[in-house]
Number of protein chains: 2
Amino acid sequence: MKNRNCIIRLSRYKTALYRLKALGFVKVFSDNLAEAIGVMPSQVRKDFSLFGISGKKRGGYHIDALIERLNEILGKDKVHTVIIVGCGHIGSALMKYRKFEDGGIKIAAGFDIDPAKHAQDADIPVFPIDRVKPFIKEHNVELAIIAVPDIAAQQVADMLISAGIKGILNFAPIRLRCPEGSIAHNINLELELENLIYFVNVLKKKRVNPDETENA
Amino acid sequence: MKNRNCIIRLSRYKTALYRLKALGFVKVFSDNLAEAIGVMPSQVRKDFSLFGISGKKRGGYHIDALIERLNEILGKDKVHTVIIVGCGHIGSALMKYRKFEDGGIKIAAGFDIDPAKHAQDADIPVFPIDRVKPFIKEHNVELAIIAVPDIAAQQVADMLISAGIKGILNFAPIRLRCPEGSIAHNINLELELENLIYFVNVLKKKRVNPDETENA
DNA sequence: TAGATTGTTAATCGATTAACAATC
DNA sequence: TAGATTGTTAATCGATTAACAATC
């Protein structure tokens with residue numbers, strides 16, 4: 001169904017389509033897209049049918065139309081404004097992350113508790129944290145990135161949501177709880193690395209003992 | 001089975017266990033852990049049985065022993081050395097990321113093509129990129145974080161793997177292909193935000209039309 | 001003992017894949 | 001037309017959940 005994996009695949013199809021387009025292709029078949037992102041052709045057609053995307057039997061899908069439709073589904077047909085709360089190492093790196101801008105995501109401002117981080121006249125200004133609520137309301141911001149220490153994260157999230165934020169991308173190593181009507185996705189960097197370490201170890205054991213193979 | 005989700009759950013159990021331990025608890029039941037990370041108690045017991053972790057009927061699991069066992073399974077019973085290739089915004093933020101150090105992950109060095117980034121005497125030194133191969137071999141490094149521009153990422157990955165790297169955590173917005181015996185996990189920041197945007201839009205549609213509800 | 005909790009087996013659920021009729 | 005490709009239905013697969021006997 002229209003679960004997280006499915007939506008992620010839509011993004012990947014889109015990326016692949018931009019590449020094919022740049023290569024001069026005009027239309028594409030489900031096999032091409034399947035191959036490009038590493039799934040079965042029936043998965044591609046299934047995903048598309050879920051969103052009412054149709055091609056032409058024998059003629060495949062028109063790349064331009066498909067990109068446009070995918071962007072529409074993913075909400076990428078308009079620019080989205082995002083604020084970043086917590087301008088430490090991670091937060092300020094994200095403020096300067098180019099792919100956001102290229103992808104129609106506008107980082108409007110940063111907020112931090114530390115006066116040394118404040119920079120009201122910078123390209124992307126950094127304001128004191130107590131300015132975040134009025135800022136959200138004034139600019140109708142719906143998306144926020146949280147990059148504060150873990151102990152502060154839930155409190156910051158609650159505050160942002162009460163001010164009108166609907167979606168949070170959280171880099172603090174804690175799973176945020178959200179009331180209905182808002183949503184948080186968590187990126188836990190240490191967990192990702194820990195996970196990788198596990199699978200590297202599995203790989204190493206396989207080398208030594210190729211019989212006891214288990215799937216990774 | 002022992003898939004990615006299962007391993008991620010092990011990490012989450014571990015986090016929850018440290019918290020319970022800090023709160024003074026000594027033993028824990030499958031319900032407590034289930035509650036803590038938001039799964040069913042039978043999921044917890046199933047996960048544990050997959051790794052031969054056993055408790056006492058009626059007595060639950062001993063927290064200290066459980067933490068130790070989980071760390072062992074996850075390979076966290078030893079310190080892991082990691083290098084970072086690409087010391088731009090993201091790369092240098094990760095170099096300073098405290099949670100890695102706290103979690104027994106040692107960032108040994110950074111590497112960058114840009115001489116302006118080099119800092120051979122810094123706390124975590126940054127070397128020219130052509131020093132990476134000898135460095136990997138000399139220090140037996142198996143893990144790398146890639147934070148270079150997307151066009152360079154695959155080439156860098158190939159080079160690292162040929163030098164002995166087994167696991168790559170990739171921040172370039174491209175899916176790395178790896179030969180057998182090595183593995184890459186990809187973190188695509190724009191895709192994460194795009195995904196969040198989609199689910200926020202679903203939420204907003206639900207508000208307007210609560211009937212046509214679909215699962216997020 | 002009675003009651004609670006594990007460990008495992010069986011049932012359910014949902015997502016992926018295969019198959020194939022429709023049709024260009 | 002013959003052959004290729006879609007769109008959808010049915011089959012498969014795997015992961016999660018429920019159930020329950022064992023036992024502390």
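Predicted model only: the values in this text are computed from it and were never measured. Atoms considered below: every heavy atom in the structure, side chains included; atoms not considered: hydrogens, waters and symmetry mates.
- Interface remark: the A:Lys57 side chain does form a donor-acceptor pair with the D:dT6 base, using a distance-only criterion of under 3.5 Å.
- The CD-C1' distance, from B:Gln43 to C:dG7, rounds to 14 Å in whole Å.
- Figure legend: A:Lys2 and A:Phe51 shown as a cation-pi pair, the cationic atom lying under 6.0 angstrom from the six-membered ring centre and within 45 degrees of its axis.
- When the C1' atom of C:dA15 is taken as reference, atom CD1 of A:Ile8 falls 14 Å away, rounded to whole Å.
- Comparing A:Arg45 and A:Lys56 by the nucleotide of DNA chain C whose heavy atom lies nearest to each, the residue mapping closer to the 5' end is A:Arg45.
- Closest contact between the side chain of A:Met1 and the listed nucleotides C:dA15, D:dG7, C:dT6 involves C:dA15.
- Judged purely by distance below 3.5 Å, without hydrogens or angles, the side chains of A:Ser11 and A:Lys76 never pair a donor atom with an acceptor atom.
- As a whole-Å value, the separation of B:Asp31 CG from D:dA18 P is 13 Å.
- Computed from coordinates, the A:Phe29 CZ to D:dG3 P distance equals 17 Å when rounded to whole Å.
- Rounded to an integer number of Å, the gap from A:Tyr61 OH to C:dC24 C1' is 14 Å.
- B:Glu72 CD: more than 12 foreign heavy atoms inside a 6.0 Å radius.
- A:Gln43 and A:Arg9 are linked by a side-chain donor-acceptor pair at a separation below 3.5 angstrom, with hydrogens and angles left out of the test.
- Nucleotide C:dT5 forms a Watson-Crick or G-U wobble pair with D:dA22, both donor-acceptor distances falling under 3.5 Å.
- Closest to the side chain of A:Ser42, out of C:dT17, C:dA15, D:dA18, is C:dT17.
- Within the 4.0 Å cut-off from OP1 or OP2 of D:dT6, at least one side-chain nitrogen or oxygen of A:Ser30 is found.
- Contact between the side-chain N/O atoms of B:Asn3 and the OP1/OP2 oxygens of D:dG14 is not found at any separation under 4.0 Å.
- At the heavy-atom level, B:Arg9 lies under 4.0 Å from the strands shown only through sugar-phosphate atoms.
- Across all strands shown, the partner of C:dA10 is D:dT17, judged by Watson-Crick or G-U wobble contacts whose two distances both fall under 3.5 Å.
- In the set D:dA18, C:dT17, D:dT16, the nucleotide with an atom closest to the side chain of B:Asn5 is D:dT16.
- No more than 12 heavy-atom neighbours from other residues, nucleotides or ligands sit within 6.0 angstrom of CD1 on A:Ile113.
- Note that B:Lys56 lies outside the cation-pi zone of B:Tyr61, set by a 6.0 Å cut-off to the ring centre and a 45° limit from the axis.
- Going from atom CE of A:Met40 over to atom P of C:dA19 covers 12 Å, rounded to whole Å.
- Protein atom CD1 of B:Ile37 is 13 Å distant from nucleotide atom C1' of D:dT16, rounded to whole Å.
- Rounded to a whole Å, the CG atom of B:Leu33 is 13 Å from the P atom of C:dT5.
- Residue A:Lys46 has its side chain nearest to D:dA10 when only C:dT9, D:dA10, C:dC20 are considered.
- The side chain of B:Ser54 approaches C:dG7 more closely than any other nucleotide in the set C:dG7, D:dT8, C:dA4.
- If you check every strand for non-hydrogen atoms under 4.0 Å, A:Phe48 touches nothing.
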